[in-house]
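Hydrogens, waters and symmetry mates are skipped; everything else that's a heavy atom, side chains included, is used.
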Amino acid sequence: METLTLRRPDDWHVHLRDGEMLALAANFTARQFARAIVMPNLVPPVTTVAAATHYRDRIRHAVRPDHGFTPLMTAYLTDDIDADEIERGFREGVFTACKLYPANATTNSAAGVTDVKKLSAVFERMQTIGMPLLIHGEVVSPEIDIFDREAVFLETTLGPMLKDFPALRVVLEHITTEDSVVFVSEAGPNVAATITAHHLRIDRNDMFAGGMRPHAYCLPVAKRRKHREALRKAATSGNHKFFLGTDSAPHHKSEKESACGCAGIFSAPVAIESYAQTFEEEGALAKLEGFASEFGPQFYRLPLNDGTVTLERTAHAVPDVIEDGHIAIVPFHAGESIHWRLVD
Ligand code: DOR
Ligand code: ZN
C-alpha cells in the first residue's frame with residue numbers, strides 16, 4: 001500500500017459554525033488538522049474578547065479530546081470596533097488575527113466594514129503589534145461584475161491599504177484569481193494568501209454543468225479555468241506565501257438547494273485528501289507538506305506541529321450527504337471517488 005505521511009497540517013481558514021452544526025462540523029476538521037483559524041461570522045458576530053473566549057470553549061467542548069485540536073480565534077471587524085479590545089485579545093492569546101469582511105460581501109457579513117478608511121486606527125494598531133489581518137478580498141458594489149470583484153478589490157482597496165500600512169501582516173483569504181497570485185507574489189513578505197481545496201478543482205463552468213449546481217457555489221465565486229490553473233501553480237510552487245485554508249463552510253442541504261442558495265462548500269470531510277489528489281495531479285506531492293503544514297505556521301509565527309498524519313492510496317467513495325439528527329449537508333466531492341484516504 002502506498003502511503004503519504006505529512007507533518008500534522010493546519011487549516012488557516014475554516015467555518016465551524018455553532019450549536020448543532022458545530023457539533024457535526026468540528027470533528028471533521030479536528031481529525032486531520034492540529035489547529036484551525038476559526039472564522040467569526042456567527043450571528044451575532046464575534047467582536048469581543050468575551051465572545052471569542054466563550055466560542056472557543058464551545059468548540060473545545062464539541063471536539064473529541066483525543067484529536068488534540070487547538071482552535072485559533074479571530075475578531076470580526078466592524079466600523080466601530082475598538083482597537084484596545086483587539087489588542088487586549090491579541091495580548092491575552094484569545095485573538096490570533098482579525099477578519100475583515102466588506103459589509104455584505106458574503107454570509108453573515110452585514111455587520112462588516114463599510115469603508116476601510118474608518119478602520120485606520122485599528123490597522124495602525126495591528127501593524128504596531130504585528131497582529132495579522134485576514135481579508136475577504138471582494139468589492140461589493142453591485143455595478144462591479146461578480147467575477148471581477150476580487151481583482152477590483154486589489155486595485156481599489158488592498159493596494160492603497162498596503163501603501164498606508166506597508167508593514168501590516170495580511171492574509172488574502174481564499175484567493176481565486178491569477179491577479180491575486182501575482183499581487184501576493186509581488187508584495188512584501190508581510191503579505192500571504194490561503195487557497196482552498198475547492199478553488200483548486202472547480203472553475204465557473206462547474207456551477208452550470210448540465211444545470212445549476214448549488215454545491216459548487218461559494219464566495220468568492222469560482223472563476224475561469226485559467227485562474228484555477230494559476231492557483232494550482234501557486235499552491236504547488238513551494239512559494240511560502242501560499243498556504244492551506246479550506247474555507248470549509250457547511251450549510252444545510254435545504255439552504256443550498258433553494259431559490260436563493262447559500263454560498264459555501266463543506267470540504268472538511270475530505271479536505272486533506274482533496275488537496276493530496278490535486279497535488280498528485282500536478283506531479284507535486286512532495287510540495288504538499290510545505291503548503292499544508294509549514295508555510296502557515298511560519299507566517300503566523302507559530303511552532304510547527306509535532307506528530308504526523310498518514311494518507312494511503314485507496315479509492316474511497318465520498319457520501320452524497322452527511323447526516324446527523326435532522327442536519328443534512330452535502331460535502332465537497334459528494335458522490336465521487338477520491339483516491340487518497342486519511343488513516344485515523
Ligand atoms: O462561500 C463562502 N461561505 N464564502 C464566505 O466568504 C463565507 C462562507 C460562509 O460563511 O458560509
Ligand atoms: Zn470563509
Side-chain angles (χ1 to χ4, degrees), residues 12-15 37 39 41 74 77 97-110 112-116 119 123 132-163 165 168-188 190-208 216-235 237 239 241-249 262-265 267 299:
W12 298 99
H13 182 131
V14 72
H15 299 267
I37 286 276
M39 287 299 120
N41 62 333
T74 55
L77 296 180
C98 290
K99 177 65 189 266
L100 169 63
Y101 288 107
N104 303 313
T106 186
T107 310
N108 300 341
S109 63
V113 173
T114 60
D115 183 351
V116 292
L119 288 220
F123 297 157
L133 174 66
L134 318 183
I135 300 184
H136 183 110
E138 289 193 286
V139 294
V140 295
S141 354
E143 63 272 21
I144 306 293
D145 189 282
I146 191 167
F147 295 100
D148 297 333
R149 287 180 185 178
E150 183 174 293
V152 172
F153 183 88
L154 301 175
E155 206 184 298
T156 62
T157 311
L158 185 55
M161 265 174 71
L162 286 168
K163 283 213 172 70
F165 305 99
L168 189 60
R169 296 171 62 212
V170 167
V171 184
L172 188 56
E173 300 284 22
H174 43 53
I175 58 170
T176 61
T177 57
E178 185 173 28
D179 311 65
S180 288
V181 170
V182 170
F183 185 99
V184 170
S185 301
E186 292 178 350
N190 53 313
V191 180
T194 51
I195 305 181
T196 73
H198 50 275
H199 288 116
L200 293 171
R201 301 198 68 81
I202 60 175
D203 61 49
R204 64 193 201 175
N205 287 320
D206 293 294
M207 285 187 293
F208 307 107
Y217 173 59
C218 60
L219 287 170
V221 76
K223 309 294 192 299
R224 286 180 183 276
R225 172 69 63 103
K226 71 163 186 172
H227 294 292
R228 194 190 75 178
E229 297 308 328
L231 298 178
R232 288 172 81 108
K233 236 169 129 185
S237 66
N239 184 338
K241 282 168 161 271
F242 300 102
F243 48 83
L244 186 157
T246 63
D247 198 17
S248 176
C262 294
I265 294 180
S267 59
F299 184 85

Does any part of the side chain of [Y], heavy atoms only, come nearer than 4.5 Å to the side chain of [X], both counted from C-beta?
X	Y	value
Ile202	Ile265	yes
His136	Glu173	no
Ile135	Phe153	yes
Ser180	His227	no
Ser185	Asn239	yes

Working to the nearest 0.5 Å, report the span between [atom1] of [X] and [atom2] of [Y].
X	Y	atom1	atom2	result
Ser109	Asn41	OG	CG	8.0 Å
Lys241	Phe299	NZ	CZ	8.0 Å
His174	Leu219	NE2	CG	8.5 Å
Lys223	Arg228	NZ	CZ	14.0 Å
Met39	Leu134	CE	CG	5.5 Å
Leu162	Leu172	CG	CG	9.5 Å

Open item on the list: Please check this pair: side chain of Arg169 against backbone of Asn190, looking for a donor-acceptor N/O pair closer than 3.5 Å.
Closed with: no
Restricting to non-hydrogen atoms, name the atom on [X] and the atom on [Y] that form the minimum distance, rounded to 0.1 Å.
X	Y	answer
Ala192	Phe243	CB-CE2, 3.6 Å
Arg149	Ser141	NH2-O, 3.8 Å
Val113	Leu77	CG2-O, 3.6 Å
Val181	Ala230	CG2-O, 4.0 Å
Phe123	Val116	CE1-O, 3.7 Å
Ala216	Met207	O-CG, 3.4 Å

Task: Partner residues of Tyr217 under the ring pair (Phe, Tyr, Trp, His ring centres under 6.0 Å) criterion, sequence neighbours left out - done: none
Open item on the list: A quick test of your reading: do over 12 heavy atoms of other residues, nucleotides or ligands sit less than 6.0 Å from CD of Glu229?
Closed with: yes
Open item on the list: Does atom CZ (Arg224) have a neighbourhood of more than 12 heavy atoms from anything else shown, all under 6.0 Å?
Closed with: no
Task: Identified side chain to side chain contact (heavy atoms under 4.5 Å, CB included) counterpart of Glu150 within the set Ile175, Val221, Asp179 - done: Ile175
Open item on the list: Before you tell me yes or no, could you show the steps for Met161 and Leu133 under side-chain contact (heavy atoms from CB on, under 4.5 Å), namely the whole-Å CA-CA distance, both residues' side-chain angles and the distance that decides it to 0.1 Å?
Closed with: CA-CA 11 Å; Met161 265 174 71; Leu133 174 66; 3.6 Å; yes
Could you pull out all donor-acceptor pairs under 3.5 Å where a side-chain atom in residues 97-104 meets a protein atom, sequence neighbours excluded?
from, atom 1, to, atom 2, distance (Å)
Lys99, NZ, Tyr101, OH, 3.4

